[in-house]
Protein chains: 2
Amino acid sequence: MKLSTKGRYGVRALLDLALHQDEGLVPLKDIARRQEVSLPYLEHLITPLVAAGLVKSTRGARGGVSLVKPPSEIKLSEAVQLLEGSIAPVDCVNDPKLCHRSAYCVTRDIWSEMKNAMSQVLDSTTIQDLVERQRQKGQPETEMYHI
Amino acid sequence: MKLSTKGRYGVRALLDLALHQDEGLVPLKDIARRQEVSLPYLEHLITPLVAAGLVKSTRGARGGVSLVKPPSEIKLSEAVQLLEGSIAPVDCVNDPKLCHRSAYCVTRDIWSEMKNAMSQVLDSTTIQDLVERQRQKGQPETEMYHI
DNA sequence: TACTAAGTTGATTCTTTTTGTCAACATTAG
DNA sequence: CTAATGTTGACAAAAAGAATCAACTTAGTA
Ligand code: FES
Ligand code: FES
């Protein structure tokens with residue numbers, strides 16, 4: 001039941017972006033440096049977010065990425081879904097046809113409950129919530145990693 | 001956020017065992033057949049359950065495995081923990097030292113909440129609950145797969 | 001216009017985890 | 001004794017994860 005680096009780094013990238021959006025377009029390079037993720041990898045993480053219209057990217061010199069919606073309207077469930085795919089512990093929770101036992105499989109019911117419990121958390125948390133928590137903790141994300 | 005086959009097959013093995021425990025020792029071969037898992041693989045799934053004292057095994061002819069505790073005392077959280085290890089979405093939820101950012105990482109707080117939500121489900125469900133649900137669904141586990 | 005700083009895309013590679021299989025062995029019932 | 005069973009550890013195939021790289025496109029600016 002581990003989250004992959006896509007989900008972890010991707011959410012952190014969104015948070016970083018939200019924390020710096022008042023500075024205008026944010027180059028991926030800056031996010032990569034602050035979040036300690038390699039730039040080539042971050043490029044792949046940002047792709048699905050751009051494709052989904054969550055993030056807007058601007059090419060060229062002085063380019064960078066920016067949030068399309070305000071952070072308060074970006075639910076973590078949306079971000080995680082884009083980055084990791086469905087959060088369901090087993091695929092047959094989303095599509096019963098994937099398991100030929102699903103009609104009478106009681107463990108599937110439990111995995112489904114787990115999915116709901118997780119969704120509950122991710123649906124009720126937005127990037128804005130993370131921003132506020134971060135500011136309370138001393139906003140190190142904006143202060144550290146200056147050389 | 002997927003469960004591996006260890007967790008899925010292992011829980012199903014425990015359920016199968018609970019459903020057949022009145023028949024005495026249950027050979028792994030029977031569980032493997034009913035649950036459609038290869039016998040050699042099932043042997044590895046049962047090992048940690050035996051080591052933890054959840055399941056007792058008896059070698060030799062007419063041997064097999066049996067539950068040590070009544071199904072109502074076996075929480076799914078216990079089984080999944082044994083089979084999959086910690087349910088935490090990221091390891092630093094269990095041990096903050098694993099991430100050097102953990103002191104000010106707000107995403108970690110969210111992953112921690114997710115872990116709690118999942119634990120809530122798995123802590124409040126026992127093998128006995130699964131047995132009862134299975135019987136309500138028509139107990140196919142005890143009726144099917146006879147050749 | 002050139003040059004440079006970005007983001008885009010797809011191929012490729014390396015590593016780790018998952019998912020098993022197999023064989024040799026130990027134990028017990030009958 | 002022997003057949004049925006669980007035990008253990010080595011091994012391996014396949015899939016997924018985690019990047020890396022290079023060629024390309026786009027846009028600002030001198
Ligand atoms: S796990 Fe898919 S139906 Fe049981
Ligand atoms: S994910 Fe481990 S501290 Fe942020």
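Chain A is the first sequence line, chain B the second, and so forth, proteins listed ahead of strands; every chain is numbered from 1. These numbers were taken from a predicted model, which means no experiment stands behind them.
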Undergrad: What are the atom names and distances for every N/O pair under 3.5 Å that joins the protein to nucleotides 26-30 of chain D?
TA:
residue	atom	partner	partner atom	Å
D/dT26	O2	A/G60	N	3.3

Undergrad: Between atom CG of B/L54 and atom CD of B/E78, what is the distance when rounded to the nearest 0.5 Å?
TA: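 Rounded to the nearest 0.5 Å, the CG-CD separation comes out at 5.0 Å.
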Undergrad: In whole angstrom, what separates B/I31's CD1 from D/dT5's P?
TA: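 My rounded result for the distance is 12 Å.
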Undergrad: Which value, rounded to the nearest 0.5 Å, describes the distance between A/L17 atom CG and A/E23 atom CD?
TA: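 If I round to the nearest 0.5 Å, the distance is 10.5 Å.
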Undergrad: Got a salt bridge between A/E113 and B/R133, using NZ or NE/NH1/NH2 to carboxylate O under 4.0 Å?
TA: yes
Undergrad: Can a side chain N or O of A/T5 be found less than 4.0 Å away from OP1 or OP2 on D/dA18?
TA: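 For D/dA18, OP1 or OP2 has a side-chain N or O of A/T5 closer than 4.0 Å.
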Undergrad: Under the side chain to side chain contact (heavy atoms under 4.5 Å, CB included) test against B/I31, which residue among B/L15, B/L39, B/V65, B/V37 passes?
TA: B/V65
Undergrad: Once rounded to the nearest 0.5 Å, what's the spacing between atom SG of B/C99 and atom CZ of A/R8?
TA: 6.5 Å
Undergrad: I need the B/L45 CG to B/L82 CG distance, nearest 0.5 Å.
TA: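 Here the rounded value is 12.5 Å.
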Undergrad: So how far is it from B/L19 CG to B/R135 CZ, rounded to the nearest 0.5 Å?
TA: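 If I round to the nearest 0.5 Å, the distance is 5.5 Å.
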Undergrad: Assign B/L28 to base, sugar-phosphate, or nothing according to its heavy-atom contacts below 4.0 angstrom with the strands shown.
TA: sugar-phosphate
Undergrad: Where do N or O atoms of nucleotides 12-15 of chain D meet protein N or O atoms at under 3.5 Å, pair by pair?
TA:
none

Undergrad: Within the 3.5 Å criterion, strictly below it, is a donor on B/S4 or B/E84 matched to an acceptor on the partner's side chain?
TA: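 Short answer, yes.
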Undergrad: Sequence neighbours left out, what passes salt bridge (charged side-chain N to carboxylate O under 4.0 Å, His left out) with A/D123? Give chain and number order.
TA: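 Residues passing salt bridge (charged side-chain N to carboxylate O under 4.0 Å, His left out) with A/D123: none at all.
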Undergrad: Between A/K75 and A/D129, does any side-chain N to carboxylate O distance fall below 4.0 Å?
TA: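 A/D129 and A/K75: not salt-bridged.
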Undergrad: Looking at B/R108, is its backbone amide N or carbonyl O close enough to the side chain of B/S112 to form a donor-acceptor pair, meaning the two atoms are under 3.5 Å apart?
TA: no
Undergrad: Rounded to whole Å, please give me the gap between NZ in A/K2 and P in D/dA18.
TA: 12 Å
Undergrad: Closest approach of A/L42 and A/A13, non-hydrogen atoms and distance?
TA: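 Answer, listing the atom of A/L42 first, then A/A13: CD1-CB, 4.0 Å.
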Undergrad: Side chains of B/Q136 and B/E132 only: does a donor on one sit below 3.5 Å from an acceptor on the other?
TA: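 Side-chain D/A pair, B/Q136 to B/E132: absent.
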Undergrad: Under a criterion of less than 4.0 angstrom to any heavy atom of chain A, what are the 5'-terminal and 3'-terminal contacting nucleotides of DNA chain C?
TA: C/dA5 to C/dA11
Undergrad: Hey, can you pull the residues of residues 84-98 of chain B with a non-hydrogen atom under 4.0 angstrom from DNA chain C?
TA: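 Result for residues 84-98 of chain B: none.
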Undergrad: Indicate yes or no: does A/D91 engage A/K97 in a salt bridge with an N to O separation below 4.0 Å.
TA: no
Undergrad: I need the B/S38 OG to B/R33 CZ distance, nearest 0.5 Å.
TA: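 So the OG of B/S38 and the CZ of B/R33 are separated by 14.5 Å.
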Undergrad: Which of residues 39-49 of chain B have a heavy atom under 4.0 Å from DNA chain D?
TA: B/E43, B/H44
